[in-house]
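The structure appears below as structure tokens.
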Amino acid sequence: MGKVLVLALAGILAALLGERLMELRRKLNGSREVEPVELPNCHLIKGIERGSEDIDILPDGLAFISSGLKYPGLNSFAPDKPGEIFLMDLNDEKPRAIELRISRGFDLASFNPHGISTYIDKDDSVYLFVVNHPEFKSTVEVFKFVEDENALVHLKTIRHELLSSLNDVVALGPDHFYATNDHYFSDSILMYLEMFLGLTWSNVVYYSPTEVKEVASGFYSANGINISPDKKYVYVADLLAHSIHVMEKHANWSLTQLKVLELDTLVDNLSVDPYTGDIWGGCHPNGMKLLFYDPENLPGSEVIRIQNIVSAKPTVTQVYAENGSVLEGSSVAAVHSGKLLIGTVFHRALYCEL
């Protein structure tokens with residue numbers, strides 16, 4: 001009888017394990033291959049070789065690019081080099097990437113930038129918020145941009161127990177923001193166990209010097225976050241759910257879900273065109289290839305554009321797609337005046353004229 005019970009338990013465990021593996025493969029779009037959608041006027045950006053995980057473009061055409069992310073379980077072409085922030089002026093006839101100098105006193109050796117966001121104050125001061133993972137912990141670094149010196153002056157480091165597994169940030173003022181935690185756990189083993197079990201414990205947090213609180217929860221992996229031009233709606237990408245959540249923002253900074261847009265791709269970072277309100281998403285068509293990196297079977301890239309997301313019938317357009325031969329693992333797409341930048345988790349960056 002004891003042996004029968006052991007066999008029965010082993011069978012149940014094997015069935016559960018098999019079901020979890022199948023579900024994880026589904027969430028990662030493990031069987032998907034993309035048909036190429038090409039853009040005619042594109043070239044790789046010189047000088048960006050180690051990723052361009054997030055991009056934020058000011059209304060005047062200055063683009064900030066985070067580079068050099070090291071993330072548990074993901075590939076890195078330069079794991080021992082610190083991260084960087086690049087700047088591109090998209091008003092130039094031939095824009096080029098320039099590494100921004102960071103002020104003394106900031107720990108450059110452990111700089112590991114992830115999501116970024118800019119904020120323009122009433123006096124036209126530009127602040128750059130950067131999710132940072134020094135020694136694989138989570139902080140938000142706040143910098144002031146000094147344009148005539150191509151420099152960032154470090155103002156403060158923000159840590160909080162609710163900001164435990166940060167992915168992205170959207171600035172709301174010089175000292176407050178929304179941020180996504182892509183996992184509940186910060187330990188790398190527990191993070192992947194959380195993903196394997198399909199737990200919806202990921203969330204969005206509001207931070208200010210006087211109040212820190214969870215404002216949205218129930219995500220598989222809350223990833224990119226951004227805000228509508230009129231500041232009424234907040235958009236949250238749930239990577240493993242293949243969806244974008246539209247949240248209504250309230251006066252007390254709380255969020256309530258308005259709708260969910262279901263997609264067939266793993267949406268990473270979100271950019272919003274300040275003039276049209278269109279959402280541009282850098283996506284992973286097949287997350288298995290990203291997670292289990294194989295130079296013989298590269299992770300592809302995909303860019304989508306979403307128009308009228310709050311309406312009953314949003315328009316979703318696949319703008320760009322390819323199998324990784326040009327760009328591996330796209331994570332962001334951002335536009336300005338007919339120019340498109342596409343960034344990646346750990347690879348190159350692409351500049352296109354639309």
Side-chain angles (χ1 to χ4, degrees), residues 37-48 51-67 84-100 113 115-121 124-130 143 145-148 150 152 168-171 224-231 233 235 237 244 267-283 301-309 315-320 326-327 330-344 348-354:
V37 176
E38 297 179 353
L39 292 171
N41 302 306
C42 297
H43 66 264
L44 293 169
I45 299 171
K46 185 178 180 180
I48 298 181
S52 42
E53 204 280 336
D54 203 6
I55 300 170
D56 200 10
I57 305 176
L58 295 176
D60 65 2
L62 292 180
F64 295 84
I65 304 169
S66 69
S67 180
E84 303 162 290
I85 301 293
F86 288 95
L87 183 74
M88 289 185 71
D89 188 346
L90 299 182
N91 300 297
D92 292 345
E93 185 176 348
K94 294 182 178 181
R96 59 191 183 94
I98 300 170
E99 182 186 351
L100 291 177
I116 62 174
S117 178
T118 55
Y119 179 78
I120 304 174
D121 211 350
D124 292 330
S125 295
V126 175
Y127 297 91
L128 180 68
F129 291 65
V130 181
F143 299 91
F145 174 53
V146 183
E147 183 174 357
D148 57 0
N150 284 329
L152 295 171
D168 198 15
V169 60
V170 58
I225 186 169
N226 219 313
I227 195 166
S228 61
D230 60 10
K231 312 303 181 186
Y233 305 104
Y235 310 125
I244 297 174
V267 190
D268 201 321
N269 288 309
L270 303 174
S271 299
V272 177
D273 186 324
Y275 303 104
T276 66
D278 295 349
I279 300 171
W280 290 73
C283 308
S301 293
E302 185 174 22
V303 171
I304 60 172
R305 177 188 185 187
I306 303 160
Q307 297 167 282
N308 304 312
I309 192 170
T315 301
V316 181
T317 305
Q318 187 187 47
V319 177
Y320 177 82
V326 176
L327 208 60
S330 57
S331 56
V332 62
V335 295
H336 175 80
S337 297
K339 297 170 183 178
L340 169 67
L341 298 179
I342 307 173
T344 64
R348 306 287 302 277
L350 199 66
Y351 169 86
C352 301
E353 295 183 356
L354 300 175

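The first residue of the sequence shown is numbered 1, and numbering continues consecutively from there.
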Non-hydrogen atoms of Phe86 and Ala97 that approach each other most closely: CD2-CB, 4.0 Å
Working to the nearest 0.5 Å, report the span between CG of Leu90 and CD1 of Ile57. 5.0 Å
When you measure from the side chain of Asn226 to the backbone N and O of Tyr235, does any donor-acceptor pair fall under 3.5 Å? no
Does Asp92 have any side-chain hydrogen bond (donor to acceptor under 3.5 Å, both in side chains) partners at least two apart in sequence or in another chain, and if so, which? none
Specify the closest pair of heavy atoms between Ser52 and Gly343, including all atoms of both residues, with the distance to one decimal. OG-CA, 3.0 Å
Residue pair Val170 / Ser117: nearest heavy atoms and the distance that separates them: CA-OG, 3.5 Å
dist Leu340:CG -> Tyr351:OH (nearest 0.5 Å) comes out at 10.0 Å
As an exercise, state the distance from CD1 of Ile85 to OG of Ser67, rounded to the nearest 0.5 Å. 8.5 Å
Who pairs with Glu147 by side-chain contact (heavy atoms from CB on, under 4.5 Å), at least two apart in sequence or on another chain? Leu62, Phe145
With Asn308 via side-chain hydrogen bond (donor to acceptor under 3.5 Å, both in side chains) - residues at least two apart: none
For Asn91, check side-chain hydrogen bond (donor to acceptor under 3.5 Å, both in side chains) against everything at least two apart and list the hits. Asp89
Less than 4.5 Å apart, any side-chain heavy atom of Ile116 and any of Phe129? no
Residues pairing under side chain to side chain donor-acceptor pair (under 3.5 Å) where one sits in residues 53-64, two or more places apart or in two chains, turn out to be Glu53-Asn269, Asp56-Thr118
For Tyr233, what residues pass the ring pair (Phe, Tyr, Trp, His ring centres under 6.0 Å) criterion, not counting sequence neighbours? none
Could you measure the distance from the CZ atom of Arg96 to the NZ atom of Lys46? Nearest 0.5 Å is fine. 10.0 Å
Among all residues two or more places apart in sequence or in another chain, which pass the ring pair (Phe, Tyr, Trp, His ring centres under 6.0 Å) test with Tyr119? none
Give me each pair satisfying side chain to side chain donor-acceptor pair (under 3.5 Å) with a member in residues 331-343, each pair once, sequence neighbours excluded. none
Cut-off 3.5 Å, no hydrogens considered: what does the side-chain donor-acceptor table look like for residues 272-283, sequence neighbours left out?
| from | atom 1 | to | atom 2 | distance (Å) |
| --- | --- | --- | --- | --- |
| Asp273 | OD1 | Tyr275 | N | 2.9 |
| Asp273 | OD1 | Thr276 | N | 3.4 |
| Asp273 | OD2 | Thr276 | OG1 | 3.4 |
| Tyr275 | OH | Pro59 | O | 3.3 |
| Thr276 | OG1 | Asp278 | N | 3.1 |
| Thr276 | OG1 | Asp278 | OD2 | 3.3 |
| Asp278 | OD2 | Arg305 | NE | 3.0 |
| Asp278 | OD2 | Arg305 | NH2 | 2.7 |

So how far is it from Tyr320 OH to Glu302 CD, rounded to the nearest 0.5 Å? 11.0 Å
Which heavy atom of Ser271 sits nearest to which heavy atom of Val332, and what is that distance? OG-CG2, 3.8 Å
Closest heavy-atom pair and its distance - Leu39, Val319: CD2-O, 3.8 Å
For Ser330, all residues meeting side-chain contact (heavy atoms from CB on, under 4.5 Å), sequence neighbours excluded: Ser301, Ile342
Taking Gly115's backbone N and O only, do any of them form a donor-acceptor pair with Ser66's side chain (distance below 3.5 Å, no angle check)? no
Residues that Phe143 engages under ring pair (Phe, Tyr, Trp, His ring centres under 6.0 Å), provided they are two or more places apart: Phe106, His154
Please identify each residue that fulfils side-chain contact (heavy atoms from CB on, under 4.5 Å) with Lys94, with sequence neighbours left out. none
Between CD1 of Ile48 and CG of Leu341, what distance do you get to the nearest 0.5 Å? 8.0 Å
Search all heavy atoms of Arg348 against all heavy atoms of Ile45 and return the closest pair with its distance. NH2-O, 3.5 Å
